[in-house]
There are 2 protein chains.
Amino acid sequence: MGHTRWLDDEEMRTWMAFIPASNLVARELDQQLKEESGLSHLQYEILIHLNAAETGALRMTELAERLINSKSGLTYQVGQMEKAGLVQRRQCEWSRSGVLAAITDEGRAALERAAPGHVAKVREVLIDVLTPEERKAIADGLGRVRDRLIAEKDGDTCW
Amino acid sequence: MGHTRWLDDEEMRTWMAFIPASNLVARELDQQLKEESGLSHLQYEILIHLNAAETGALRMTELAERLINSKSGLTYQVGQMEKAGLVQRRQCEWSRSGVLAAITDEGRAALERAAPGHVAKVREVLIDVLTPEERKAIADGLGRVRDRLIAEKDGDTCW
DNA sequence: ATTGCGCGGTTCAAATTTGAACAGCATCGC
DNA sequence: GCGATGCTGTTCAAATTTGAACCGCGCAAT
């Protein structure tokens, strides 16, 4: 690896679109969710994931990995949400040391209340701004980016 | 606005690629920068922006807007960086209440030290994973997303 | 059985981030 | 000239986030 391969103009355009768009979209959605439903984006996503699970529950670690958050951060947030009655901690059946976070009826209700506004905002700031071709390119390209980074976390350095 | 227009499959794929990719890339870069140069991604970007300015200095608010961070957050970080000798506060010439953050020689040195590894990582996790077509779509599409959100902040509700 | 290690979660202190309240300067209309 | 109003940046307390240290359990080798 000799000298650095700097980004050319086209690559820089990509980078300078990706980073600010990420930050702005994240900020916008977080704010909208908080205002409209009192949930942070992280809390919303926790509910989404739990709700999507057939049993309505997931292990803490599983959740942390999916949400790309530290374990301790998740412990904290689940604690907050438990206080708020949105989730409930249960013990994992087959592993005494495991902990399940389970969505409550109240959690589902909060989700249903928050979802329409959230989806509308997602459309407004991202989905409806993109052409179908762009959406496909993003789904494919960033999907690959995502998968590689996730894979790296597990196997670590497949190269 | 009758019922919610939920995301269809293709749109959901886009969304479920965008969010995790954003988070993972941000985390990866932040970590790499911290390890390799002791700078957080935010600090790195502050240096980049200051360095790009002809005078090597920018107003605090200007910087906060570009970096998509709260004013108070920027005050804090610039404080940290000032302690570390990477930047220096100066008074804005034409406005007694304005404050300029100026990059120092030490700051430039830190930037030069950090840049090669950072760019390499950006290539590794994002740029080189994408095809040229995908890069173009992302530059165009997310560029538009970015611009709309920035415009909204200024004029606010152009609709 | 027993020792030792590894995993799953939590605790803890420290760093960061945020929004609201505040202080100084600027500017515009009266 | 003088007060009203609006910026700019900072301060402050509260919320969140992070990584390292830690605790209890399970599991494998001895």
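Convention: sequence-line order gives letters A, B, ...; per-chain numbering from 1.
Atom CG of A:Leu63 and atom C1' of C:dT10 are 15 Å apart (whole Å). Per the geometry, NE2 belonging to A:His41 stands 12 Å off P belonging to D:dT17, to the nearest Å. Atom CD in A:Gln91 sits about 10 Å away from atom C1' in D:dC25, given to the nearest Å. Atom pair B:Gln43:CD and C:dT17:C1' shows a separation of 14 Å (rounding to whole Å applied). Rounded to whole Å, the distance from CG on B:Leu67 to P on C:dT17 is 11 Å.
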Atom pairs and distances, side-chain donor-acceptor, residues 13-26 of chain A, under 3.5 Å, sequence neighbours left out:
| from | atom 1 | to | atom 2 | distance (Å) |
| --- | --- | --- | --- | --- |
| A:Arg13 | NH1 | B:Asp140 | OD1 | 3.4 |
| A:Arg13 | NH2 | B:Asp140 | OD1 | 3.2 |
| A:Thr14 | OG1 | A:Glu10 | O | 3.1 |
| A:Thr14 | OG1 | B:Arg135 | O | 3.3 |
| A:Ser22 | OG | A:Phe18 | O | 2.9 |
| A:Ser22 | OG | B:Ser22 | OG | 3.1 |

Sequence neighbours excluded and cut-off under 3.5 Å, please list the side-chain donor-acceptor pairs for residues 107-122 of chain B, or say none.
| from | atom 1 | to | atom 2 | distance (Å) |
| --- | --- | --- | --- | --- |
| B:Arg108 | NH1 | B:Asn51 | OD1 | 2.4 |
| B:Lys121 | NZ | B:Glu28 | OE2 | 3.2 |

Let me check something: any side-chain donor-acceptor pairs from residues 56-63 of chain B under 3.5 Å, sequence neighbours excluded? List them with distances.
| from | atom 1 | to | atom 2 | distance (Å) |
| --- | --- | --- | --- | --- |
| B:Glu62 | OE2 | B:Arg66 | NE | 2.9 |
| B:Glu62 | OE2 | B:Arg66 | NH2 | 3.0 |

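The phosphate of D:dT18 has OP1 or OP2 within less than 4.0 Å of a side-chain N or O from A:Asn69. Contact check, B:Gln77 against C:dA15: no side-chain N or O comes under 4.0 Å of OP1 or OP2. At the phosphate of D:dG26, OP1 or OP2 sits under 4.0 Å from a side-chain N or O atom of A:Arg96. The phosphate of D:dA15 (OP1 or OP2) has no side-chain N or O of A:Gln80 nearer than 4.0 angstrom.
Atom CG of A:Asn69 sits about 5.0 Å away from atom CG of A:Leu42, to the nearest 0.5 Å. Here the CG-CD distance, from B:Leu47 to B:Glu106, works out to 10.5 Å after rounding to the nearest 0.5 Å. Rounding to the nearest 0.5 Å gives a distance of 5.0 Å between CG of B:Asp128 and CZ of B:Arg123. One finds the CD1 atom of A:Ile46 at 10.5 Å from the CD atom of A:Gln80 (value rounded to the nearest 0.5 Å). Between the CG atom in A:Leu29 and the NE2 atom in A:His41 there is a gap of 5.5 Å [rounded to 0.5 Å].
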**Request:** Apply side chain to side chain contact (heavy atoms under 4.5 Å, CB included) to the pair B:Leu50 and B:Val87, showing each step before the final yes or no.
**Result:** CA-CA 9 Å; B:Leu50 293 183; B:Val87 303; 3.8 Å; yes
**Request:** List the steps, then state whether side chain to side chain contact (heavy atoms under 4.5 Å, CB included) holds for A:Arg144 with A:Asp147.
**Result:** CA-CA 5 Å; A:Arg144 212 177 317 122; A:Asp147 293 340; 5.7 Å; no
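For A:Glu82 and A:Gln88, the side-chain atoms include no donor-acceptor pair closer than 3.5 Å.
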Short heteroatom pairs, N/O only, protein and nucleotides 9-11 of chain D, under 3.5 Å:
| from | atom 1 | to | atom 2 | distance (Å) |
| --- | --- | --- | --- | --- |
| D:dG9 | OP1 | B:Arg59 | NE | 3.2 |
| D:dG9 | OP1 | B:Met60 | N | 3.4 |
| D:dG9 | OP1 | B:Val99 | N | 3.2 |
| D:dG9 | OP1 | B:Val99 | O | 3.2 |
| D:dG9 | OP2 | B:Thr61 | N | 2.8 |
| D:dG9 | OP2 | B:Thr61 | OG1 | 2.0 |
| D:dG9 | N7 | B:Lys71 | NZ | 3.2 |
| D:dT10 | OP1 | B:Arg89 | NH1 | 2.5 |
| D:dT10 | OP2 | B:Thr75 | OG1 | 3.0 |
| D:dT10 | OP2 | B:Arg89 | NH1 | 3.2 |

Between the protein and nucleotides 3-5 of chain D, list every N/O to N/O distance that falls short of 3.5 Å.
none

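When the nearest nucleotides of DNA chain C are assigned to B:Ser95 and B:Leu42 by heavy-atom distance, the more 5′-ward of the two goes with B:Leu42.
Contacts between residues 24-38 of chain A and DNA chain C, defined by a heavy-atom separation under 4.0 Å, are made by A:Arg27.
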